[in-house]
Amino acid sequence: MSETSCYILDNGAYTAKVGFSNSKSRIIPNCIMKAKSERRRPFIGSQLDECRDASGLFYILPFQKGFLVNWDTQKTVWDFIFSKECCPVNFNDTPLIITEPLFNFASIQEAMTEIFFEEYECQSLLRINATDLAEYNYRRTHKNDCTVVVDSGYSFTYIVPYINGKKYKDAIIRIDVGGKVLTNHLKEILSYRQLNVMDETYVINQVKEDSCFVSKDFFADMEIAKKKGPENAIVKDYVLPDYTSLRRGYLRDIVPPEEDLEQQTLRLNNERFSIPELLFHPSDVGIQQMGIPEAIMHSINSCPEEHTENLLANIVLYGGNTLFPGFRDRVYNDVRSLALDHFDVNIELPDNPITYAWEGGKYIFRDPEFYSFCMTKEEYEEEGKPLAFERFDI
Amino acid sequence: MTSRESGRVKDAERRKVLDDVARKRRARKAVEALEQDNFHEDPHADLVMSKKVPKFADSNEKPTRKKKSKSAEYYKMRFRKTFAQLVEEDASFRSKPPNYLSAQAPPSKFPERHFCAVCGFPSNYTCIPCGARYCSVKCLGTHLDTRCLKWTA
């Protein structure tokens, strides 16, 4: 029990955040990709950096609707991640922390336990929800009793209230909108309005990341977007990558036609803010669910009343979608207007929202009780999988 | 007998209006499309990979692990379950809420907002045949020419 570092794998549906607790984390695409241009080989995880032309990229993802379903894909990606090529590890002398989605299905949990003890021969294993790690990270710096964790990822957005360090399961809410829905919706409307980009998930995901923002006043921004000429501060052109001189596209101001440099561009106007708006109003695309601020309030109101004040004062956001400019402010404004006046509302967006849960893993490893959370190989061999269900509160 | 009739009446009869069921089906398909990982087919689908080709890159390394690791294919077979099966299974594993299904966000209390299916700006009108939203005569024209009843789901 004297290991100096542990291996942390925040196994997301789109990217895996991986690394040792005494160093930095790396973000690896958790998928296998095939390119049109290179027909000889698939690209596993971060091998994508070697791909010269990422147009028409085809994704093979281990996750479906946020759950690990395609084990062959996952095994291939894990083998890559644990290999010399990526982030080598010897599980014989290194404990492993791996994250799983909330309410993970029983047979997936069993499979996780089995594959890490039998295939990868882990000595100690901690399977945990990413939100638990994020909450641990938040509580470490704020010394608070109650937290609301908002995890807005690729497959969905979860709102999880914690009371005295324990998740209050009755009030957990899942919104079935995540980064994938946003990218697909952007792809759909761009293909209808301008240029067929249905095959370009990878590129359009970058368009989304580079161009979209969360509006502070949605209908006012709609009015601005309707204007013509210099009064419209929202409309921009996105220069698409051509993979000869340009590897990643960028957003630029509109130039008069005579100055145009014959690059292929997409004109983005109300798309820039109506895409992230789906996180706040899923019903805009016919998903009849609450948006994030309303769901935060609903979740807090489902908790015992004496904790309301404490929960409202400690809301933490993380996950890829929280990177949209204006995201935190919009959540704050909306929650503020929905909450009772005499409560303080506090919303924190950490500096690196993608690796926030991973960072939490670093600190949980230093917890004096860390090994009591884990399960060892001996325990697994003696008591088998039922013990894993007892020990890990997924 | 049939030579004299009103053009308007004939047009109105010919105009097909989608019923509620068809509209719901279209809406459901649109939401399902948002879940897809890829729109196109596997670009390597027509490639025939030969498994017997030796991998020269690995040949210099001696296998150091005592235990032979199982192939990805093994785990695919071992844990093969579809998403629908998993959800069904969950009903017995976690029969009482909270579980995956109960955690789903309820419908919003706020009224739905409507946007033009063509240009994305707020819309006030509904297309009579298919129920799509539009904002102006211009957009209605585009809609009728491109999507209305044509994109049959």
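Sequence lines set the chain letters: A, B, ... in the order given, protein chains first and strands last, and positions in each chain run from 1.
- Using a 4.0 Å cut-off between a side-chain N of Lys or Arg and a carboxylate O of Asp or Glu, E35(B) and K180(A) qualify as a salt bridge.
- No side-chain donor-acceptor contact under 3.5 Å links H44(B) to the backbone of R40(A).
- Judged by distance alone, with hydrogens and angles left aside, the side-chain atoms of D284(A) form no donor-acceptor pair with the main-chain N or O of H114(B) at under 3.5 Å.
- For E112(B) and Q288(A), the side-chain atoms include at least one donor-acceptor pair closer than 3.5 Å.
- Contacts of Q85(B) with chain A are absent, with no heavy-atom separation under 4.5 Å from either backbone or side chain.
- The candidate from S71(B), P107(B), A27(B), P97(B) with the greatest count of non-hydrogen atom pairs under 4.5 Å with chain A is P107(B).
- Taking a cutoff of 4.0 Å between a charged side-chain nitrogen and a carboxylate oxygen, E114(A) and R78(B) qualify as a salt bridge.
- For chain B, no part of E271(A) is nearby; none of its heavy atoms comes within less than 4.5 Å.
- Of the listed residues (F39(B), F110(B), Y100(B), F93(B)), the one with the most heavy-atom contacts under 4.5 Å to chain A is Y100(B).
- Within the 4.5 Å cutoff, side-chain heavy atoms of P106(B) are placed close to those of M290(A).
- Atom CZ of R193(A) and atom OG1 of T142(B) lie 11.5 Å apart (nearest 0.5 Å).
- Taking the side chain as every heavy atom from C-beta outward, E119(A) and Y75(B) approach each other to under 4.5 Å.
- When all heavy atoms of I394(A) and R94(B) are compared, the pair lying nearest together is O-NH1, 3.4 Å.
- Scanning both residues, I175(A) and A105(B), for their nearest heavy atoms gives CG1-CB, 4.0 Å.
- Ring geometry, F219(A) versus F115(B): the interplanar angle falls under 30°, so the pair is classed parallel (tilted spans 30 to 60°).
- Side-chain contact annotation: Q104(B) with D176(A), donor-acceptor N/O pair under 3.5 Å present.
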Under the side-chain contact (heavy atoms from CB on, under 4.5 Å) criterion, do K75(A) and E73(B) qualify, and how do the steps go? CA-CA 9 Å; K75(A) 173 82 170 36; E73(B) 203 58 31; over 6 Å; no

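- In the model, S107(A) has a side-chain atom that pairs as donor or acceptor with a side-chain atom of E89(B) under 3.5 Å.
- With R39(A) contributing its side chain and P43(B) its backbone, the two residues share a donor-acceptor pair below 3.5 Å.
- Taking both residues in full, the closest heavy atoms of P98(B) and D170(A) are given as CD-OD1, 3.4 Å, listed atom of the first, atom of the second, then distance.
- Across all their heavy atoms, F58(A) and H40(B) have their closest contact at CE1-O, 3.4 Å.
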